[in-house]
Amino acid sequence: TLSLLYKLNKIDPSPLGPLNNATAAHNGQIGIIRGDITTLAVDAIVNAANKSLLGGGGVDGAIHRAAGPGLVAECRTLDGCDTGSSKITNAYKLPAKKVIHTVGPIYNSLYQQRCEAALRGCYQSALQLAVQNELKTIAFSAISTGIYGYPSPAAARIACSTAKDFLNGEDGDKLDRIIFVTFEEKDVNAYNRILPSDTSSE
Ligand code: ADP
């Protein structure tokens with residue numbers, strides 16, 4: 001992995017808070033960082049929520065704990081969210097400006113295409129919401145790869161290719177940076193394997 005790291009550029013951590021273990025690809029527009037997403041002072045963090053949007057375990061629980069009770073109160077007004085879609089709220093006590101809640105698919109190997117389309121929808125809809133709200137830096141948790149059981153390599157591949165397609169599309173120049181936040185080793189490995197080959201060449 002050391003030689004891999006040499007291929008990536010260090011990204012400037014200064015405006016974003018504790019991003020000093022971050023690496024970047026796609027001309028610095030896509031970054032990967034290992035850590036707690038609730039600590040990032042970015043424009044938007046993306047929560048791996050469930051359809052109720054009323055909180056849960058994993059990263060969802062961590063975000064609600066750190067944001068305080070204002071977050072669930074606002075989420076109660078949203079009437080839930082479909083799988084593969086996203087909704088936006090304020091961020092309350094979090095250092096981020098906004099929280100984008102997206103609902104990943106519960107992985108089922110019998111329905112791989114449906115799962116892939118839903119996961120792609122999560123990343124696309126969250127990126128669209130960021131642009132609509134004039135947010136320029138967005139940090140994603142590894143949607144569906146925890147309790148929802150999506151295999152990390154496949155999920156990371158979808159995350160990276162969707163981000164790259166978005167940056168190459170008509171709204172791509174409206175975003176400064178997309179950051180993938182990894183937490184567990186399996187996701188660190190998945191993103192480190194995929195990002196250089198998939199996104200740094202352009
Ligand atoms: P899902 O139900 O969509 O699978 P989880 O919250 O169970 O959601 O897991 C999504 C990802 O979030 C997992 O990769 C997990 O390791 C990661 N995660 C858990 N806590 C945090 C955190 N505080 N910051 C960033 N990522 C986290």
Side-chain angles (χ1 to χ4, degrees), residues 1-2 4-49 55-68 71 86 88-102 104 119 122-123 126-127 130 135-153 155-160 162-164 167 175-196 198-200:
T1 50
L2 247 189
L4 190 73
L5 287 175
Y6 282 124
K7 288 190 208 151
L8 301 166
N9 310 309
K10 286 279 172 207
I11 66 175
D12 175 16
S14 46
L16 300 174
L19 281 180
N20 33 357
N21 66 346
T23 48
H26 200 88
N27 294 326
Q29 275 187 294
I30 298 177
I32 46 178
I33 178 182
R34 184 174 196 178
D36 179 357
I37 198 169
T38 67
T39 66
L40 298 184
V42 290
D43 291 339
I45 62 169
V46 182
N47 180 19
V59 70
D60 196 10
I63 287 171
H64 276 274
R65 272 193 302 279
L71 182 59
S86 304
I88 190 165
T89 65
N90 292 317
Y92 301 90
K93 294 182 189 165
L94 291 164
K97 287 189 195 145
K98 294 280 182 182
V99 180
I100 294 173
H101 306 264
T102 196
L119 191 59
C122 288
Y123 286 95
L127 291 165
L135 304 170
K136 293 186 170 301
T137 53
I138 180 168
F140 282 94
S141 56
I143 314 297
S144 282
T145 64
I147 298 158
Y148 281 3
Y150 214 112
S152 292
R157 193 166 297 116
I158 292 163
C160 292
T162 308
K164 186 180 77 168
L167 290 173
L175 291 176
D176 287 344
R177 186 166 293 155
I178 299 170
I179 297 154
F180 293 115
V181 184
T182 56
F183 198 67
E184 294 171 53
E185 189 84 31
K186 64 186 175 65
D187 299 294
V188 175
N189 293 337
Y191 279 93
N192 279 337
R193 284 206 184 94
I194 286 155
L195 249 190
D198 208 42
T199 54
S200 66

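Remark: Lys136 pairs with no residue by the salt bridge (charged side-chain N to carboxylate O under 4.0 Å, His left out) rule, at least two apart or across chains. For Lys97, the side chain to side chain donor-acceptor pair (under 3.5 Å) criterion is met by Asp43, not counting sequence neighbours. Residues passing the side-chain contact (heavy atoms from CB on, under 4.5 Å) test with Pro151, sequence neighbours excluded: Tyr107, Pro153. Listed by chain and residue number, Ala67, Leu71, Glu74, Asn90 satisfy the side-chain contact (heavy atoms from CB on, under 4.5 Å) test with Tyr92 (two or more places apart in sequence, or in another chain). Ala130 meets the side-chain contact (heavy atoms from CB on, under 4.5 Å) test with Ile100, Leu135, Ile138, Leu175; sequence neighbours excluded. Thr102 meets the side chain to side chain donor-acceptor pair (under 3.5 Å) test with Ser86; sequence neighbours excluded. Not counting sequence neighbours, the partners of Lys186 by the side-chain contact (heavy atoms from CB on, under 4.5 Å) test are Thr145, Ser152, Glu184. In this structure, Asp176 has no side chain to side chain donor-acceptor pair (under 3.5 Å) partners at least two apart in sequence or on a different chain.
Closest approach of Leu94 to Ala66, counting heavy atoms only: CD2-CB, 3.5 Å. Listed here is the closest heavy atom pair of Asp60 and Gly55: OD2-C, 3.3 Å. Considering every non-hydrogen atom in both Gly104 and Ile143, the closest pair reads CA-CG2, 3.7 Å. Considering every non-hydrogen atom in both Ser141 and Ala48, the closest pair reads OG-N, 3.6 Å. For the residue pair Gly35 and Val181, the shortest heavy atom distance occurs at O-CG1, 3.3 Å. Heavy-atom minimum distance, Leu40 versus Pro95: O-CG, 3.8 Å.
Expressed to the nearest 0.5 Å, how far CD1 of Ile179 lies from OG1 of Thr182 amounts to 12.0 Å. Remark: Ile30 CD1 to Leu167 CG distance equals 5.0 Å, nearest 0.5 Å. Rounded to the nearest 0.5 Å, atoms OG1 (Thr39) and CD1 (Ile45) are 9.0 Å apart. To the nearest 0.5 Å, the span separating NE2 on His64 from CG on Asn47 amounts to 5.5 Å. The distance from the CG atom of Asn192 to the CG atom of Asp187 is 11.0 Å, given to the nearest 0.5 Å. Put simply, CG on Leu195 and NZ on Lys164 are 10.5 Å apart, with the number rounded to the nearest 0.5 Å.
With contacts defined as side-chain heavy-atom distances shorter than 4.5 Å, the pair Leu127/Phe140 qualifies.
Looking only at distances, a side-chain donor or acceptor of Arg34 sits under 3.5 Å from a matching main-chain atom of Phe183. A donor-acceptor contact shorter than 3.5 Å is absent between the side chain of Arg157 and the backbone of Ile194.
The aromatic rings of Tyr123 and Phe180 lie perpendicular to each other, with more than 60° between the two planes, well past the 30° mark.
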Query - Test side chain to side chain contact (heavy atoms under 4.5 Å, CB included) applied to Ile63 and Ile37, step by step - result: CA-CA 8 Å; Ile63 287 171; Ile37 198 169; 4.1 Å; yes

